[in-house]
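See below for the structure under consideration.
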Amino acid sequence: IGPGPAAKRILVCVGSGGVGKTTTAATLALVAARRGLRTLVLTIDPAKRLANSLGLDQLGHTVQQVPPALVGGTGELYAMMLDQKAAFDEVVRSHAKDPEAVRRIMANPLYAQISGSLAGAQEYAAMAKLQEFDKTGAYDLIIVDTPPTSNALDFLDAPQKLTAAIDSPAVEWFRKMQPGAKGGWSV
């Protein structure tokens, strides 16, 4: 980990439970910051262990700086724990055409289900947040701590699976079953 042409900008720590993903993510982030990089470690693991690994009381959906005294070195270390619902709401606010459209989408029961608890939605929200952070260029390195998974590719495949589910005939059928449904909605 370090500056230069061979340096990676995004590292994803994946694997089954108990293998040390969170510890590895925290350690890599700390090493990068000590080497002078502006580093963000983002956890999408609902177990909330990253805060403890970094010596913090808690983490939330807002990026917070790890105190420089805990980091040492010349870089900066930031951390965040993804809130699935808040991340989805941010995506809606950034893509909706006007405040009324945002209100309608957020009031939609299907949106509430997708943004709060649909399988794969956590990974989709994480990918959207990761893309947002990468696009800003504010960090030299972004490290993602994922929840336990039996297949390391689940994190990367989840957005496509969620998109396929949203576009499925079953969802269209449920949409048409809503009282007063007029069509033309989108998420």
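This chain uses plain numbering: 1 for the first residue, then up along the sequence.
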Out of curiosity, I44 CD1 to L50 CG, how far, rounded to the nearest 0.5 Å? 12.0 Å

Going by the rule side-chain hydrogen bond (donor to acceptor under 3.5 Å, both in side chains), which residues pair with N52 if we only count those two or more places apart in sequence or in a different chain? none

Identify, with sequence neighbours excluded, every residue that meets side-chain hydrogen bond (donor to acceptor under 3.5 Å, both in side chains) alongside K21. none

Run the side-chain donor-acceptor check on residues 135-143: report pairs under 3.5 Å with partners two or more places apart or on a different chain.
from : atom 1 : to   : atom 2 : distance (Å)
T136 : OG1    : F133 : O      : 2.8
T136 : OG1    : A138 : N      : 3.2
D140 : OD2    : R38  : N      : 2.7

Residues forming a side-chain hydrogen bond (donor to acceptor under 3.5 Å, both in side chains) with T43, sequence neighbours excluded: D145

First locate atom CG of L82, then atom CG of L59, and finally report the distance between them rounded to the nearest 0.5 Å. 11.5 Å

Tell me, please, which residues at least two apart from P67 pass side chain to side chain contact (heavy atoms under 4.5 Å, CB included). L56, L70

Taking only residues two or more places apart in sequence, or in another chain, which ones meet L30 in a side chain to side chain contact (heavy atoms under 4.5 Å, CB included)? R34, V71, L77

What residues form a side chain to side chain contact (heavy atoms under 4.5 Å, CB included) with T23, not counting sequence neighbours? T27

Could you tell me which non-hydrogen atom of I105 sits nearest to which non-hydrogen atom of Y111, and how far apart they are? O-CB, 3.2 Å

Applying salt bridge (Lys or Arg N to Asp or Glu O under 4.0 Å) as the test, list every pair that has at least one member in residues 50-64; sequence neighbours left out. none

Of all heavy-atom pairs linking L54 and A26, the shortest is CD2-CB, 3.9 Å

Residues that E100 engages under side-chain hydrogen bond (donor to acceptor under 3.5 Å, both in side chains), provided they are two or more places apart: R103

Heavy atoms of other groups near Q65 CD, more than 12 under 6.0 Å: yes

Rounded to the nearest 0.5 Å, how far does CG of L110 lie from CG of N108? 5.5 Å

Minimum heavy-atom distance between T74 and G36, given as atom pair plus value: OG1-CA, 3.1 Å

Could you check D134 against L130 for side chain to side chain contact (heavy atoms under 4.5 Å, CB included), going step by step and ending with a plain yes or no? CA-CA 6 Å; D134 185 47; L130 181 60; 5.5 Å; no

Could you go through H61 and M81, starting from their C-alpha distance and side-chain angles, then the distance that decides it, and tell me whether this counts as side chain to side chain contact (heavy atoms under 4.5 Å, CB included)? CA-CA 5 Å; H61 190 71; M81 181 173 166; over 6 Å; no

Student check: side-chain heavy atoms of T146 and C13 closer than 4.5 Å: no

Out of curiosity, K129 NZ to D83 CG, how far, rounded to the nearest 0.5 Å? 10.0 Å

So the ring pair (Phe, Tyr, Trp, His ring centres under 6.0 Å) pairs with at least one residue in residues 15-40 (sequence neighbours excluded) are none

Looking at residues at least two apart in the chain, or sitting in another chain, which of them share a side chain to side chain contact (heavy atoms under 4.5 Å, CB included) with V91? H95, A128

